[in-house]
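Encoded as structure tokens, the structure appears first; notes follow it.
Scope of the values below: all heavy atoms of this structure, side chains included, with no hydrogens, waters or symmetry mates. Per chain, numbering begins at 1; letters A, B, ... match sequence-line order.
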2 protein chains.
Amino acid sequence: MVKPLTKKQEAIFLFIKQSIKKTGFPPTVREIGNQFSITVKGAYDHLKAIEKKGYLHCEAGKSRAIELLVNKEDVYPDVCSIPVVGTIAAGIPVLAQENIESYIQLPSGLLPQGTLFALRIKGDSMIGAGIFNGDIAVIKQQSDANNGAIVAALLDDEATLKILKKTERKVHLLSANEKYGVITADTISILGTLAAIFRTY
Amino acid sequence: MVKPLTKKQEAIFLFIKQSIKKTGFPPTVREIGNQFSITVKGAYDHLKAIEKKGYLHCEAGKSRAIELLVNKEDVYPDVCSIPVVGTIAAGIPVLAQENIESYIQLPSGLLPQGTLFALRIKGDSMIGAGIFNGDIAVIKQQSDANNGAIVAALLDDEATLKILKKTERKVHLLSANEKYGVITADTISILGTLAAIFRTY
DNA sequence: GACTATAATATACTAATGTATAGTTATTGT
DNA sequence: ACAATAACTATACATTAGTATATTATAGTC
């Protein structure tokens, strides 16, 4: 789709990316010219050539108004900032400021759309599903889930991961560890479904 | 350390951050003034006040030359770009371009220092350690590891996760699954130790 | 051979942008 | 009561920076 850049264009495109990364804003055409010891117009023509090939877009008239269209993730990584929630006070929404402990950045490309939050796993009740104490679980917020899905449910002011099993009239929450029993109830408050697990060693 | 911002300053600081996030470059003083329906000098004075309080730095004379000093991570997330390596051709280094399939962004604050790379797990040989088929394993590159550590070792052009056990003269690689046997050798080429696991559902 | 793209220079023009002067009004702490 | 800070206006000026004209030279393509 996008035409290949010439060596010079490649070098200039790289310089633009590095400038943004270093200073936080794109260079002017004169700054580009200076870097490569060429005149303003030389740099300007290169910039326009790179734009024509679809690698970036310049807003006409504005200074330093270079928007990257290719390799954006080199400069602005494509991540999602997910709130990590701790103990959840009854009554208030899960994502209320009071519940948010910190934020974690994870690759947005690998996560589902929708409202996400993260829990720090306590205990070994889901060890059979490869979810360990201390793991960070990313949850996609939703009030219901499919049979057999791993869900976050609110039990005693704690968001807990369990396997959801629905039968005729009852809802069951299973653990992935024989040591733990099954919780059965008429209705259960589901916070969301498991979207990802992150663990550090 | 840093003085608190006034409400107006807070709003302007937020606008600057959002502008960078949206367009990729900071606003001019006139763009700030426009947003808040104040004159150029009004916006300029606010900018200088915010700078004086240490939240940002303006390079004199340059356009849009606003460098964030506080809350940088809101705009430029603090992530590490980790190469995901696939099949490893014998003889060439693990991190050679030929081996790199893609990159994954993970939070640098939760990862160790040093050279990192990632593997996509194939098979269920480490299921007992909560490492499943399809998981992404982040490896810290090192040629040796402690006894009992989970390591990535090179077996038949594949980087494989195993538990390292060292005895008097031999090195053993254990699986975390009874179905698999133990590999024993005089020496083994260790690529690194397990630093993190990332899994999506 | 005509044509297009690349890579330049020198010079110039204009629009965009940072910075300054001079003043107003209100608020707050000493 | 006074000084300092905040939050503005209107106007002006100088510099920065994008854009244009005209020109040269080389290399590959139809």
**Message:** Test salt bridge (charged side-chain N to carboxylate O under 4.0 Å, His left out) on A:Asp144 and A:Lys166; report intermediate values, then the result.
**Reply:** CA-CA 11 Å; A:Asp144 200 7; A:Lys166 293 191 266 191; 3.4 Å; yes
**Message:** side chain to side chain donor-acceptor pair (under 3.5 Å), that's the test. Do A:Gln9 and A:Lys53 meet it? Break it down for me.
**Reply:** CA-CA 10 Å; A:Gln9 288 167 357; A:Lys53 286 184 178 175; 2.9 Å; yes
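Not one side-chain nitrogen or oxygen of B:Lys52 sits closer than 4.0 Å to the OP1 or OP2 atom of D:dT5. Distances shorter than 4.0 Å separate some side-chain N or O of A:Lys53 from OP1 or OP2 on C:dT6. Taking side-chain N and O atoms only, A:Thr39 has no distance below 4.0 Å to OP1 or OP2 of C:dT11. Considering only side-chain N and O atoms, B:Gln9 lies under 4.0 angstrom from the phosphate OP1 or OP2 of D:dA7. Taking side-chain N and O atoms only, A:Thr6 has a distance below 4.0 Å to OP1 or OP2 of C:dA7. The shortest distance between the side-chain N/O atoms of A:Tyr44 and the OP1/OP2 oxygens of D:dG18 is not below 4.0 Å.
A residue-by-residue look at B:Gly42 and A:Ala65 shows that B:Gly42 has its nearest nucleotide of DNA chain D further toward the 5' end. The residue among A:Glu59 and B:Phe36 whose nearest nucleotide of DNA chain D lies closer to the 5′ end is B:Phe36.
Looking at heavy atoms from C-beta onward, B:Phe117 lies out of side-chain contact with B:Val84 at the 4.5 angstrom threshold. Considering only heavy atoms from C-beta on, B:Leu111 comes within 4.5 Å of B:Ile82 through its side chain. Looking at heavy atoms from C-beta onward, B:Asn71 lies in side-chain contact with B:Phe13 at the 4.5 angstrom threshold. B:Lys179 has its side chain within reach of B:Asp124: a pair of non-hydrogen atoms, C-beta onward, lies under 4.5 Å apart.
For B:Ile38 and D:dA10, the CD1 to C1' distance is 14 Å, given to the nearest whole Å. Taking atom CD1 of B:Ile12 as the reference point, atom C1' of D:dC8 lies 11 Å away to the nearest angstrom. For the pair B:Lys48 NZ and D:dC8 P, the computed distance is 18 Å after rounding to whole Å. For the pair A:Ile16 CD1 and D:dG18 C1', the computed distance is 14 Å after rounding to whole Å. When rounded to the nearest whole Å, the span between CG of A:Leu47 and C1' of C:dA7 equals 15 Å. Between A:Leu5 atom CG and C:dT6 atom P the separation is 10 Å, expressed in whole Å. Distance, A:Lys8 NZ to D:dT26 P: 17 Å, rounded to whole Å. In this structure, CZ of A:Phe25 is placed 12 Å from P of D:dG18, rounded to the nearest angstrom.
No hydrogens or angles considered: nothing links the side chains of A:Asn177 and A:Ser125 as a donor-acceptor pair under 3.5 Å.
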Could I get a table of every N or O pair under 3.5 Å where one atom is in the protein and the other is in nucleotides 12-16 of chain C?
none

For nucleotides 21-25 of chain D, print each protein N/O atom paired with a nucleotide N/O atom at under 3.5 Å, atom names and distance only.
| residue | atom | partner | partner atom | Å |
| --- | --- | --- | --- | --- |
| D:dT21 | O4 | A:Lys41 | NZ | 3.3 |

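When each of D:dA6, C:dA10, D:dC8 is scored by its nearest atom to the side-chain atoms of B:His46, the top-ranked nucleotide is D:dC8.
By the 6.0 Å and 45° rule, B:Lys162 stacks over the aromatic ring of B:Tyr180. Seen from the ring of B:Tyr76, B:Lys21 does not count as a face-on cation partner, given the 6.0 Å and 45° thresholds. Judged by the 6.0 Å distance and 45° axis criteria, B:Arg199 is not positioned over the aromatic ring of A:Phe198.
Contacts of B:Lys7 with the nucleic acid, taken as non-hydrogen atoms under 4.0 Å apart, are absent.
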